[in-house]
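Keep in mind that this is a model prediction, so the values were computed, not measured. The sequence lines fix the lettering, A, B, ..., with proteins before strands; numbering per chain opens at 1.
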Amino acid sequence: MKKGITTVLAGMLAMSLLGACGNSSSDNSANGGSSSGKVKIEFFQNKAEAKTSFDKLVAKFNEANPNIVVTQVNPPDAETVLKTRAAKKNIPDVVGIGATDTFKSLATGGLFEDLSSDPVVKNIQPAYADMLKNYTANNQLNGVPFAANANGVIYNKAMFAEVGAEVPKTWDEFIAVAEKFKAAGKNAFYITLKDSWTTLPAFNALSSSIVGIDFYGQRQAGSAKFAGTINEVAQKQLQLTEYAQKDIFGKTYNDGNVAFAKGEAAMYLQGVWAIPEIQKANPSIDLGVFVLPATNDPSKNKLVTGVDTLLAVSKTSKHPAEAKKFIEFMLQPESVTQYITEQKAFPTITGVTQDDKAVEGLKEAFTQGNLVDFSDHYIPAAMKIDTLLQEFLQKKDVDAFTSKLDTEWDKVANRK
Amino acid sequence: MAKRRIAYYLMTIPALFLFFAFHTFPALQGIFYSFTNWDGFSDGYSFVGLKNFINVFKDENVYNAYFFTFKYAIAATILINVISLLIALGLNAKIKAKNFFRSVYFLPNVLGVLIVGYIFNYLFSNAFTIWGAKLGSDFLSQNILGNPDWAWVGIVIVGVWQGIAYNTILYLAGLQTIPADLYEASSLDGASKWREFWSITFPMLASFFTINMVLAMKGGLMIFDQIVALTGGGPGRSTQSIAHLIYTGGFTGGEFAYQSANAVIYFIVIVAISLFQIKVLQRREMDL
C-alpha cells in the first residue's frame, strides 16, 4: 500500500538518479570532448510549436562553431520537467522559456546567471528587459528576451466581409460584431475550455486593460482585493461565451485551431502563437489579428504582449562562455528574423520588425507603445488561475469567483 | 546450514538495498521536507514545524481531491469486481473460442494507461459526441469530460474498462482451484445454478475476493495517469485526485514542502484503509 503515495516520491528519486546519470554522461562527453575539442551544450526549450524553427537555428550554429555541439531538448510539459530537474540542481546549460511564474520562481531561486552587464543585451528593447527585471526583486537580468508574443483576437477576414463586419475598436462594437454573427447563425467565437489554459488569453486581455498590472502588486502588498475590482473582467469574459459554439467545455486547443481554420467561427481568442498551427490546418485561410477592445475607451485598450521566449544561462553550467556564445548567435538580427517570421512572433531587439500580413493589425499598438504585460504572470502558479477561471465559466457566479480569488491568493501566500 | 543462510542473505540483501534506495529513502526524504518550507529548487529552506500539516487541513482543494478520489475508488472497486467476476465465470464455462476471448479481455491490461487515456479522450470529444448528436440527445452530444458533474463518470468508465482485465485473470485462477467434485455433488443434490454460485463458487473464491477488493481499491486510490490523460483534473478541480494534486501543486505550483505534508497524510490514510479492508474481509473468509 505504501507504494501508492510514495510513487511520486519514488519517481522523483528515480528522476534524480536519471538526472545524475545525465549529468555524469554529459561530464564524460565533455571530458572526452576535450580530447576531440567539442563542448556539449544542452538547449532546453518549452515551445513544441517552435521545435523545427529552433532545430534550424541550432544546426546553423553548430555548423558555424565546429567546437560546440548544441542539442535541443523539448519535452512535453516542459515547465514541470524543468522544475523537477531544478530540484536536483541539474539545470540545462541554456534554458528557453516564457516569462512565466516558473521563470520567476527559478530566477528568484538564484538558478540563472545575471546577464544585465553582458554585451548580448545591448540591442534588447528596454521595455522587455524591464519586464524581466520586474519579476525578480534583486534587479538582476536573469534571462535575455528572445521573442515576444501578443495576445488578441484572431479573426477570419472572409467571414467578416461576408456579414459586413468591421474590426471593432470598443467593447460595444466588439459585442455588436459578435451579435451580427449570432444573428447570421454563425459562431462568433470558438472557445476551447477543455484545456484550462485557454481561458487565459481572454482573461489577460481583459484584466490587463481594465484592471491593469499594478493591481497585482497592490494585491501582494495587501492594499487591494479581487472582490469588487475584477468583477467587470469576469463579467465580460463570461459574456463572450454566449457567442461561442456548442460544447465549449468539451473542445481542446488543438480542436480549436482546426475548427477555426475550417471557418467554424469568425473569431478566436488566442495569441499569435496559434497562427502557425491554424495555417497548418488550412494554408489558404485569410486571417488577421486585432487588439481585444476590453473597454469603450480605445486609448485604454492595450495590446497584451510578453516575453514568449527568453534565454537564460544556468549558474551550474560547466561551459558558460559557450552557452553565451549560443545566445549571442540567437540574438543576431538574422536569427531573430528567421524565428519571428516562422513563428509569427515579435522581435525583442531593435532594428528588426515583424512585417507579416497576418499580424499587421497589431502593428499600430507596437509603434505607439500601447502595450501591457500578461496579468497571469503576476498570479502565483499554485493558485491555478486557469483552473479557477474554467470553474467560474461553468458556474457563472461572478461574486463567488472574485471572492474565491482572494481566499486562494491568501491561502497560497500563507503557505510560503 | 551456514551455507544455506548465506544463499538467503545473497537473495535478500540486494532486494533490501533496492527497496530502501527507491522506496524507503525517498519516503523518509518526503517526510523530512514536509517539515520545511522548501519550494523544490531554491538553495535554502528553513524548518516550519507543523505549519504545512495545519495548512493541509485548511485547504478546500485537499478535501475536494479526497472526495473525488474516494468517490472514484469506491465506484471503480465495485464495478471492477462485479464485472470481472461475471467475465471470469463466463470465460470459465464451456464456451467456444475460450482462449481467444481470454486474450481479448486481457488486452486492456497490456496497453499503457496513458495511451488508453488519450484514445478515450479523443473518443469522448470527437466520436461519442457525434453518436450522441445522432441519437438526438443534447446531453450525449457533449463531451462528458467537459462537464464538471459527469466527468468523473468518464474516468470511471476508462478506469474500469482497463481495470477488469487484471482482476478477471485473478478470478479465473481462483475458479480453477475449486474442486470439480463439489459441483458434481451439488448437481446430484439437484441444486440450481444460482444456488451453486452462492453456496459453492462464491465462498470458495473468498480469498481471491479479498485480494481483488484490496487491489482494486488501492488502484483506485492511486489514480493518476488516467487523470493526466483524460482531464488534467478539470473542469475546474472536479476530477483532481490526491496524487494529481500532490504532483501538480508540488512541481507546477512550486509548493514542494506543502504537498509533501499532503503526501505524508495520504500515506497514513491509505495504510489505515488497507489494514482495515484486509482485517474485515479476512474475518469474512474465516467465518466460512
Side-chain angles (χ1 to χ4, degrees), chain A residues 1-14 16-17 77 79-81 83-89 91 101-102 105-106 108-111 193-196 246-252 255 380-384 386-395 407-408 411-412 414-416, chain B residues 21-23 25-27 29-30 37 39-43 51-52 55 58-60 121 124-126 129 141-148 214 218 221-222 224 231-238 242-243 246-256 258 260 263-264 266-267 270-271 273-275:
Chain A
M1 286 322 111
K2 236 177 176 181
K3 222 172 174 179
I5 46 107
T6 47
T7 306
V8 174
L9 297 167
M12 276 169 41
L13 184 84
S16 73
L17 287 176
D77 204 0
E79 287 195 8
T80 308
V81 174
K83 277 188 178 170
T84 46
R85 286 185 61 170
K88 280 295 162 189
K89 302 271 177 267
I91 306 160
D101 191 70
T102 302
S105 40
L106 293 178
T108 322
L111 299 176
L193 296 184
K194 173 133 193 314
D195 291 331
S196 54
K246 263 190 182 176
D247 198 16
I248 57 174
F249 298 103
K251 300 296 177 199
T252 64
D255 295 334
M383 254 179 84
K384 305 271 295 152
D386 53 337
T387 306
L388 292 171
L389 279 163
Q390 194 189 26
E391 189 186 54
F392 155 65
L393 292 173
Q394 291 192 313
K395 292 193 176 157
T407 50
E408 289 288 318
K411 230 164 60 182
V412 170
N414 283 338
R415 288 186 208 139
K416 292 275 177 211
Chain B
F22 289 101
H23 200 276
F25 180 66
Q29 244 182 339
N37 65 355
D39 56 8
F41 33 80
S42 295
D43 281 330
K51 190 177 157 197
N52 288 327
N55 280 330
K58 285 194 216 153
D59 193 346
E60 196 188 311
N121 201 352
F124 276 124
S125 73
N126 295 313
T129 49
S141 63
Q142 293 190 0
N143 187 346
I144 190 174
L145 296 176
N147 185 321
V214 175
K218 185 208 79 166
L221 291 176
M222 275 167 54
F224 177 79
T231 61
R237 286 186 189 263
S238 60
I242 306 167
I246 292 170
Y247 175 76
T248 50
F251 289 115
T252 320
E255 299 194 308
F256 186 85
Y258 171 69
S260 291
V264 169
Y266 190 38
F267 165 67
I270 291 201
V271 169
I273 289 173
S274 304
L275 288 177

Q: Give, as side chain, backbone, both or neither, the part of A:L388 having an atom under 4.5 angstrom from any heavy atom of chain B.
A: neither
Q: Please flag which part of B:S141 lies under 4.5 Å from any non-hydrogen atom of chain A: side chain, backbone, both or neither.
A: backbone
Q.
Is A:L106 close to chain B through its backbone or its side chain, or both, or neither, when contacts mean heavy atoms under 4.5 Å?
A. both
Q: Select one option (side chain, backbone, both, neither) describing which atoms of A:D195 are under 4.5 Å from chain B's heavy atoms.
A: neither
Q: Indicate yes or no for a side-chain donor-acceptor contact from B:K51 to the backbone of A:N414 under 3.5 Å, with no hydrogens or angles considered.
A: yes
Q) Would you call A:E391 and B:R237 a salt bridge, using N to O less than 4.0 angstrom? A) no
Q: Would you check if the side chain of A:D247 reaches a backbone N or O of B:N143 as a donor-acceptor pair within less than 3.5 Å?
A: yes
Q) With A:F392, which residues qualify under ring pair (Phe, Tyr, Trp, His ring centres under 6.0 Å), at least two apart? A) A:F401
Q. Can you tell if the side chain of B:N121 reaches within under 4.5 Å of the side chain of A:K194, non-hydrogen atoms only?
A. yes
Q: With a 4.5 angstrom heavy-atom cut-off, could you sort out which part of A:E79 is near chain B: side chain, backbone, both or neither?
A: neither
Q: Determine the minimum heavy-atom distance between A:G250 and B:S125, stating which atoms define it.
A: O-CB, 3.6 Å
Q) Is there a side-chain contact between B:E255 and A:R415 (heavy atoms, below 4.5 Å)? A) yes
(Q) Could you tell me if the side chain of B:T248 sits less than 4.5 Å from the side chain of A:T80, heavy atoms only? (A) no
Q: Measure A:T102 against the heavy atoms of chain B and call it side chain, backbone, both or neither at under 4.5 Å.
A: neither
Q: Against chain B, label A:D386 side chain, backbone, both or neither, depending on which of its atoms sit under 4.5 Å from a heavy atom there.
A: neither
Q: Could you check which of A:K384, A:M383, A:K411 has the highest count of heavy-atom pairs closer than 4.5 Å to chain B?
A: A:K411
Q: May I ask you to name which of B:D59, B:T231, B:L221, B:N52 has the most heavy-atom pairs under 4.5 Å with chain A?
A: B:D59
Q. Where do B:G236 and A:T387 come nearest, in terms of heavy atoms and distance?
A. O-CG2, 2.8 Å
(Q) Is A:K395 in contact with chain B via its backbone, its side chain, both, or neither, using a 4.5 Å heavy-atom distance? (A) neither
Q: Please identify each residue that fulfils side chain to side chain contact (heavy atoms under 4.5 Å, CB included) with A:Q390, with sequence neighbours left out.
A: A:S196, A:T199, B:P235
Q.
How long is the straight-line distance from OG1 of A:T407 back to NZ of B:K58, given to the nearest 0.5 Å?
A. 13.0 Å
**Q.** Most chain A-contacting option - heavy-atom pairs closer than 4.5 Å, from B:G233, B:P148, B:G249
**A.** B:P148
Q: Name the region of B:N126, side chain, backbone, both or neither, that has any atom closer than 4.5 Å to a heavy atom of chain A.
A: side chain
(Q) Quick check for you: among A:A382, A:G109, A:A381, which has the greatest number of heavy-atom pairs under 4.5 Å with chain B? (A) A:A382
